[in-house]
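Just so it is clear, the model here is predicted, and its values are computed rather than measured. All residue numbers refer to positions in the sequence shown, counting from 1.
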Amino acid sequence: MTSDFADALASGPLVLDGGLSNELEAAGHDLGDALWSARLLAEDPEALTRAHLAYFEAGAEVAITATYQATFEGFARRGVGPERAAELLALGVESAREAARRARAGRPGRRLWVAASAGPYGAMLADGSEYRGRYGLGAGELERFHRPRLEALAAARPDVLALETVPDTEEAAALLRAVRGLGVPAWLSYTVAGERTRAGQPLEEAFALAADAAEVVAVGVNCCSPEDVSGAVETAARVTGKPVVAYPNSGETWDAGSRGWRGRSSFAAERVRDWRDRGARLVGGCCRVGPQTIASIARTLSGG
């Protein structure tokens, strides 16, 4: 699939943003419910725009929307009907677009992009199962879950769909079928542990699923330890021949029981040189990676 975004990837690395939730929490927002940052789509979309803007101002070129945990099923539990849910999904894209407009105000002509996030089925469950996969659902059921949300996001015309934090190959295969024919490019990003998906499949097998998918313009990893990125990037580039996306967590560990982070950060911006050299073309951070680190990544990739 050819697109303006795919062409930009071919011209050199792009800097992704960091963790949206930690930027929102730093601004005083309570995200301790099942909708996570997606709750603000209805309650305070301006807060989302400000968070996206903080990353653009730090040097990010791609903003990932607050729709990771936004699903028709999740909204229905809050009494939100499908029509309004579709509007909120589109608002996630528009909030990031508005941030891009504001970021360009002082730098006309700056090229910025919006990636519409679509998290795994486990994100809707809000029980940590996106880090395990294997939900007991068949591929057809997973495809039927993902397709309506992807259609709604694609209708909002983002630059790319971010099929992210995918824990296993079965869900990846369902997502690849669900994204067909939408007219928007996508990246596919697994959450991994070592040389395997979180569900235990070899990364070669996982990445190979996307090798011939025309809709997929990049493949890689996110929401994993920084230490697991280099090997995964090299494998993804070798197996698929596509640009690679890499945006790990800070290195801290999520405790689903206490809904909090444990451990210390091991994310160093200097690592991105190695990731770039191995094939990474979309580089940023996920949970607990803030604007300061994204600024360091931007400087590193620009040679500063």
Side-chain angles (χ1 to χ4, degrees), residues 1 3 34-36 38 64-65 67-77 80-83 85-86 88-90 92-93 115-158 160-192 196-223 236 239-240 242 245:
M1 174 178 287
S3 72
L35 285 178
W36 204 28
I64 302 174
T65 64
T67 52
Y68 172 81
Q69 217 143 344
T71 64
F72 286 97
E73 293 81 357
F75 283 129
R77 292 172 185 163
V80 178
E83 183 175 342
L88 292 174
L89 286 163
V93 175
S117 172
Y121 180 83
M124 181 269 294
L125 300 177
D127 61 359
S129 60
E130 68 262 47
Y131 299 115
R132 301 189 299 270
R134 303 299 179 91
Y135 316 110
L137 300 178
E141 292 173 292
L142 288 169
E143 182 179 355
R144 286 190 292 274
F145 166 78
H146 284 295
R147 179 73 184 194
R149 177 174 54 155
L150 290 171
E151 289 176 340
L153 290 171
R157 308 310 300 172
V160 62
L161 294 165
L163 313 178
E164 57 178 355
T165 324
V166 180
D168 65 42
T169 56
E170 186 171 69
E171 186 159 27
L175 280 161
L176 290 173
R177 287 194 294 272
V179 80
R180 288 175 185 163
L182 295 181
V184 179
W187 78 60
L188 175 66
S189 180
Y190 290 95
T191 179
V192 304
R196 294 180 176 270
T197 67
R198 290 297 184 112
Q201 299 107 342
L203 290 185
E204 287 198 3
E205 172 188 332
F207 292 135
L209 291 174
D212 296 322
E215 293 83 2
V216 176
V217 295
V219 63
V221 295
N222 78 290
C223 211
V239 170
T240 69
K242 296 177 183 284
V245 56

Quick check against the 3.5 Å criterion: does Arg198 have a side-chain atom that pairs as donor or acceptor with the backbone of Val192? yes
Would a distance-only check, ignoring hydrogens and angles, find a side-chain to backbone donor-acceptor pair under 3.5 Å from Arg149 to Gly119? yes
Using only atom types and a distance under 3.5 Å, with no angle test, would you say the side chain of Arg147 pairs donor to acceptor with the backbone of Ala178? yes
Dump the intermediate steps for side chain to side chain contact (heavy atoms under 4.5 Å, CB included) on Met124 and Phe75, then the final yes or no. CA-CA 10 Å; Met124 181 269 294; Phe75 283 129; over 6 Å; no
Are Thr197 and Thr191 packed together at the side-chain level, in the sense that at least one heavy-atom pair is separated by less than 4.5 angstrom? no
Donor-acceptor check, side chain of Ser129 to backbone of Arg132, threshold 3.5 angstrom: yes or no? no
Quick check: do Pro158 and Val184 have side-chain heavy atoms less than 4.5 Å from each other? yes
For the residue pair Phe72 and Ala85, what are the closest heavy atoms and their distance? CD2-CB, 3.6 Å
Contact check, side chains of Trp187 and Val160, non-hydrogen atoms, under 4.5 Å: yes
Any chance you could measure Arg196, atom CZ, to Leu203, atom CG, to the nearest 0.5 Å? 8.5 Å
Any donor-acceptor pair under 3.5 Å from Asn222 side chain to Glu164 backbone: no
N/O donor-acceptor pair under 3.5 Å between Glu171 side chain and Gly133 backbone: no
Side-chain (Thr65) to main-chain (Ser117) donor-acceptor, under 3.5 angstrom: yes
Is it true that a side-chain atom of Thr67 and a backbone atom of Ala70 form a donor plus acceptor pair closer than 3.5 Å? no
Do NZ/NE/NH1/NH2 and the carboxylate oxygens of Arg77 and Glu73 come within less than 4.0 Å? no
Do Gln201 and Thr169 pair up side chain to side chain, a donor and an acceptor below 3.5 Å, judged on atom types alone? yes
Please give me the minimum heavy-atom distance between Leu89 and Ala152, naming the atom from each residue. CD1-CB, 3.8 Å
Which pair of heavy atoms, one from Ala210 and one from Val219, lies closest together, and at what distance? CB-CG2, 4.3 Å
Under a 4.5 Å cut-off applied to non-hydrogen side-chain atoms, are Cys223 and Tyr131 in contact? yes
Any heavy-atom pair between the side chains of Leu176 and Leu188 that's under 4.5 Å? yes
For Ala162 versus Ala115, what's the shortest heavy-atom pair and its separation? CB-CB, 4.3 Å
Going through the distances and angles, do Leu182 and Glu151 end up as a side chain to side chain contact (heavy atoms under 4.5 Å, CB included)? CA-CA 7 Å; Leu182 295 181; Glu151 289 176 340; 3.8 Å; yes
Could you tell me how the ring of Phe145 sits relative to the ring of Tyr121: parallel (under 30°), tilted (30 to 60°) or perpendicular (over 60°)? perpendicular
Could you tell me if the side chain of Leu175 sits less than 4.5 Å from the side chain of Leu150, heavy atoms only? yes
Under the side chain to side chain contact (heavy atoms under 4.5 Å, CB included) criterion, do Val80 and Leu88 qualify, and how do the steps go? CA-CA 10 Å; Val80 178; Leu88 292 174; 4.3 Å; yes
Minimum heavy-atom separation for Tyr190 to Leu209, with atom names? OH-CD1, 3.8 Å
How far does CG of Leu161 sit from NE2 of His146, to the nearest 0.5 angstrom? 12.5 Å
Side chains of Tyr135 and Pro167, heavy atoms from C-beta outward: is any pair under 4.5 Å? yes
May I ask you to test the Lys242-Val217 pair for a side-chain heavy-atom distance under 4.5 Å? no
